[in-house]
Amino acid sequence: MKNVLVIVDWFHPASGGKVALPNGNTYTAPVKFFSQSAQEWKANAWSLRFTWLDKNSPNGSWFGLAEFLSSKAPKEWLEPDNQFEIYEGPKPVGRVKVLASEKVMAAISALAE
């Protein structure tokens, strides 16, 4: 599976967000895309693995790489500007926006070699 670049804005605990943000360099959670109805999401949820690149941006946003855990996942949903929410149990805890596609990330990686 290939990665896309994302930005994550965690919801404040007073708004139902996490009391403690994830520790470590990776985090895996189910996500709900805005294009999915609640019914569709409950029947067919997908999980993403996030690998954090920067957890200390001045505005509190986290930058990272995201990839589906399943090769059967709808990769086309991870296109730039697409947005979705991270869930823990029945509630959303953060909003994610895709910044750069798999293709762009591959090109950047190739340049770095």
Side-chain angles (χ1 to χ4, degrees):
M1 299 292 318
K2 300 290 184 180
N3 293 305
V4 296
L5 181 65
V6 297
I7 185 169
V8 177
D9 293 312
W10 297 103
F11 298 151
H12 190 275
S15 302
K18 296 173 66 61
V19 174
L21 295 178
N23 289 327
N25 293 327
T26 62
Y27 172 74
T28 301
V31 297
K32 180 183 178 293
F33 290 84
F34 293 146
S35 60
Q36 292 179 290
S37 69
Q39 249 183 322
E40 178 188 355
W41 178 69
K42 288 178 183 176
N44 196 19
W46 296 100
S47 291
L48 288 174
R49 178 183 305 114
F50 297 88
T51 302
W52 305 119
L53 302 173
D54 183 3
K55 299 191 289 187
N56 298 307
S57 75
N59 65 359
S61 298
W62 288 21
F63 291 89
L65 302 174
E67 65 181 328
F68 280 115
L69 298 181
S70 170
S71 61
K72 296 179 182 178
K75 290 187 337 181
E76 65 276 8
W77 290 0
L78 293 180
E79 290 299 319
D81 295 328
N82 207 358
Q83 295 186 39
F84 50 93
E85 292 178 327
I86 297 172
Y87 271 71
E88 287 194 359
K91 67 179 186 168
V93 295
R95 177 164 288 152
V96 182
K97 181 177 182 179
V98 178
L99 300 176
S101 69
E102 175 184 329
K103 184 176 180 180
V104 168
M105 296 308 296
I108 291 170
S109 189
L111 287 173
E113 292 177 357

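The model shown is predicted, which means the values in this text are computed figures rather than measured ones.
- For the pair A73 and F68, the tightest heavy-atom approach, listed with the atom from each and the gap, is CB-CG, 3.2 Å.
- D81 pairs by the salt bridge (charged side-chain N to carboxylate O under 4.0 Å, His left out) definition with K97, not counting sequence neighbours.
- When side chains are defined from C-beta on, Q83 does not count as touching F33, because their heavy atoms never get closer than 4.5 Å.
- Pairs engaging residues 47-62 under the salt bridge (charged side-chain N to carboxylate O under 4.0 Å, His left out) rule: R49-E67 [sequence neighbours left out].
- Among pairs with a residue in residues 89-113, none fulfils ring pair (Phe, Tyr, Trp, His ring centres under 6.0 Å), at least two apart in sequence or across chains.
- For A100, the side-chain contact (heavy atoms from CB on, under 4.5 Å) partners are L5, V104, M105, not counting sequence neighbours.
- In this structure the side chain of V6 never reaches within 4.5 angstrom of the side chain of W62, judged on heavy atoms.
- Atom NZ of K2 is separated from atom OG of S109 by 7.5 Å, given to the nearest 0.5 angstrom.
- In the hydrophobic cluster analysis, where Ile, Leu, Val, Met, Phe, Trp and Tyr join through side-chain heavy atoms closer than 4.5 angstrom, V8 is grouped apart from L53.
- Under a hydrophobic clustering in which Ile, Leu, Val, Met, Phe, Trp and Tyr are joined whenever their side-chain heavy atoms come within less than 4.5 Å, directly or via other members, I7 and F50 fall into different clusters.
- Pairs passing the ring pair (Phe, Tyr, Trp, His ring centres under 6.0 Å) check and including a residue from residues 93-113, sequence neighbours excluded, do not occur.
- The hydrophobic side chain of F34 is isolated, with no ILVMFWY side chain under 4.5 Å apart from it.
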Under 3.5 Å, side-chain donor or acceptor atoms of residues 84-96 against the rest of the protein: list the pairs with distances, not counting sequence neighbours.
unit_1, atom_1, unit_2, atom_2, d
E85, OE2, R95, NH2, 3.2
E88, OE1, K18, NZ, 3.1
E88, OE2, K18, NZ, 2.8
E88, OE2, Y27, OH, 2.4
K91, NZ, G16, O, 3.1

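- Of the possible polar contacts, one joining the K32 side chain to the Q36 backbone as a donor-acceptor pair under 3.5 Å is found.
- Under the 3.5 Å distance criterion, the side-chain polar atoms of S70 are matched with a main-chain donor or acceptor of K72.
- With sequence neighbours excluded, the residues that form a side-chain hydrogen bond (donor to acceptor under 3.5 Å, both in side chains) with D9 are S61.
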Could you list the donor-acceptor pairs under 3.5 angstrom formed by side chains in residues 38-48, with sequence neighbours left out?
unit_1, atom_1, unit_2, atom_2, d
W41, NE1, V31, O, 2.9

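- Between W52 and L65 there is no side-chain heavy-atom pair separated by less than 4.5 Å.
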